[in-house]
There are 2 protein chains.
Amino acid sequence: MQQEDDVLLTSERMAGSVNTNPVVIRRLLGQLKKAGLVEVRPASGGTFLTRQPAAISLLDVYRAVEVVEEGQLFSVHDKPLPACLVGRNIQAALDTTLRRAQTAMEQVLAGVTLQQVTTEILTQENLKN
Amino acid sequence: MQQEDDVLLTSERMAGSVNTNPVVIRRLLGQLKKAGLVEVRPASGGTFLTRQPAAISLLDVYRAVEVVEEGQLFSVHDKPLPACLVGRNIQAALDTTLRRAQTAMEQVLAGVTLQQVTTEILTQENLKN
DNA sequence: CCTTAGTGTAACTATTGTGGTTACAGTCGT
DNA sequence: ACGACTGTAACCACAATAGTTACACTAAGG
């Protein structure tokens, strides 16, 4: 899991690398940590994956950062009129298909690991020669 | 396509029905019209589908209202550092999988028509007895 | 042909979400 | 105990969007 030989990976370094603020990184890191994907050392810094890159899927990080809440990729009008036939039923009517749509998307993410992404990055780099 | 026997469907009626402002409805209607899904009569009002409900899929309306731009369900960091191996390749590396994820989701939407939704709404209503 | 009920759209406000920033307390190797 | 780093609250700036008002444009029907 470690990479002690490498340079220390602090939030400040990451922030500089993607051109943003360290706090933004820490916020994200906090979510990844809560999801059990990374381990963060409070004092002398450093962030590490808790599993092998091959054991982490894109769905894992997608879920971790919760771009959208569980089953809420689509959100339907929240204040339906109970007096309206459509209003009081459209939610339930759409629910299953929207759920299916979301899980279809998520299953694709589930099929790709961080390992694959990194090798893909290297492949892309080599293509440029 | 018509429903002349029914009451006239103006933006004001629709707005009242979903508890919002007529202009909001007209904006949406404008998008649906541009996508060729509905026909709107400017003067004496009224909105009509241009095709049978069975010939309109959820993907059609999803695309029409363009919740997200074509192929942009996921958007990656837009200002990558060209000096960074990851920064300059991650976009391309993720592109195909993210695209696949999005189309997987969209294909589910493509498989459901407005017709099916309306019958589902009626089914839901009947279940309540 | 002119009245009238609707649409199309611009302009503005209010609200919300989010990124960035500062500040500071908490933590732990050394 | 010191120093470097994380965790988090608080705040500002900014972009998106819903809602609203206003008004020009359109056509159906007398």
Side-chain angles (χ1 to χ4, degrees), chain A residues 1-50 61-62 64-70 72-81 87, chain B residues 1-50 61-62 64-70 72-81 87:
Chain A
M1 311 289 161
Q2 260 58 341
Q3 45 189 161
E4 307 293 13
D5 51 335
D6 210 0
V7 71
L8 197 59
L9 202 48
T10 72
S11 65
E12 189 146 6
R13 277 182 55 80
M14 296 191 236
S17 176
V18 296
N19 218 38
T20 184
N21 196 283
V23 175
V24 178
I25 298 292
R26 285 181 224 155
R27 286 205 268 247
L28 287 175
L29 246 36
Q31 301 188 266
L32 295 175
K33 191 173 72 166
K34 198 163 57 176
L37 295 183
V38 303
E39 174 192 352
V40 181
R41 307 271 172 77
S44 66
T47 304
F48 309 91
L49 296 179
T50 55
V61 340
Y62 177 79
V65 298
E66 298 225 35
V67 185
V68 293
E69 291 292 324
E70 174 83 30
Q72 301 297 354
L73 177 55
F74 306 93
S75 62
V76 198
H77 195 12
D78 42 343
K79 29 181 172 172
L81 296 193
Chain B
M1 312 289 161
Q2 261 57 340
Q3 46 190 162
E4 308 293 14
D5 51 333
D6 209 0
V7 72
L8 197 58
L9 201 48
T10 72
S11 65
E12 190 146 6
R13 277 182 55 80
M14 296 192 236
S17 175
V18 296
N19 218 38
T20 182
N21 196 282
V23 175
V24 177
I25 299 292
R26 286 181 224 156
R27 286 205 268 248
L28 286 175
L29 247 36
Q31 302 188 266
L32 294 175
K33 194 174 68 167
K34 199 164 54 175
L37 295 182
V38 303
E39 174 193 352
V40 181
R41 307 269 172 79
S44 66
T47 305
F48 309 90
L49 296 180
T50 55
V61 340
Y62 176 78
V65 299
E66 298 225 35
V67 186
V68 293
E69 293 291 325
E70 174 84 32
Q72 303 294 353
L73 177 55
F74 305 93
S75 62
V76 198
H77 194 13
D78 42 343
K79 31 181 172 171
L81 297 193

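Please read all numbers here as calculations on a predicted model, not as lab measurements.
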Requested in this report: Give, for atom CZ of A:Arg27 and atom CG of A:Asn21, the distance between the pair rounded to the nearest 0.5 Å.
Outcome: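 A:Arg27 CZ to A:Asn21 CG: 8.0 Å, rounded to 0.5 Å.
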Report task. Would you check, one step at a time, whether the test side-chain contact (heavy atoms from CB on, under 4.5 Å) holds for A:Thr47 with A:Arg41? Result -> CA-CA 6 Å; A:Thr47 304; A:Arg41 307 271 172 77; over 6 Å; no
Requested in this report: Please find the earliest and latest nucleotides of DNA chain C, in the 5' to 3' direction, that have an atom within less than 4.0 Å of any heavy atom of chain B.
Outcome: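 Result: C:dA5 to C:dA11.
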Under 3.5 Å, sequence neighbours excluded: what are the donor-acceptor pairs made by side chains of residues 28-37 of chain A?
residue, atom, partner, partner atom, Å
A:Gln31, NE2, A:Val65, O, 3.4

Query raised in the report: With sequence neighbours excluded, what pairs up with A:Ala15 under the side-chain contact (heavy atoms from CB on, under 4.5 Å) test?
Result: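 A:Ala15 satisfies side-chain contact (heavy atoms from CB on, under 4.5 Å) with A:Thr20, A:Pro22, A:Ile25 only.
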Report task. Using heavy atoms and a sub-4.0 Å distance, could you list which residues of residues 12-21 of chain A are near DNA chain C? By number, please. Result ->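 Contacts with DNA chain C under 4.0 Å: A:Thr20, A:Asn21.
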Query raised in the report: Taking DNA chain C as the partner, which of residues 23-31 of chain A come within under 4.0 angstrom of it by heavy atom?
Result: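 Under 4.0 Å from DNA chain C: A:Val23, A:Val24, A:Arg27.
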Query raised in the report: When you list every nucleotide of DNA chain D with an atom under 4.0 Å from a heavy atom of chain B, which one comes first 5' to 3', and which comes last?
Result: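 Reading along DNA chain D, I get D:dG19 to D:dA28.
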Query - Sugar-phosphate only, base, or nothing, as touched by B:Lys33 at under 4.0 Å among non-hydrogen atoms - result: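 Answer is sugar-phosphate: B:Lys33 comes under 4.0 Å of backbone atoms only.
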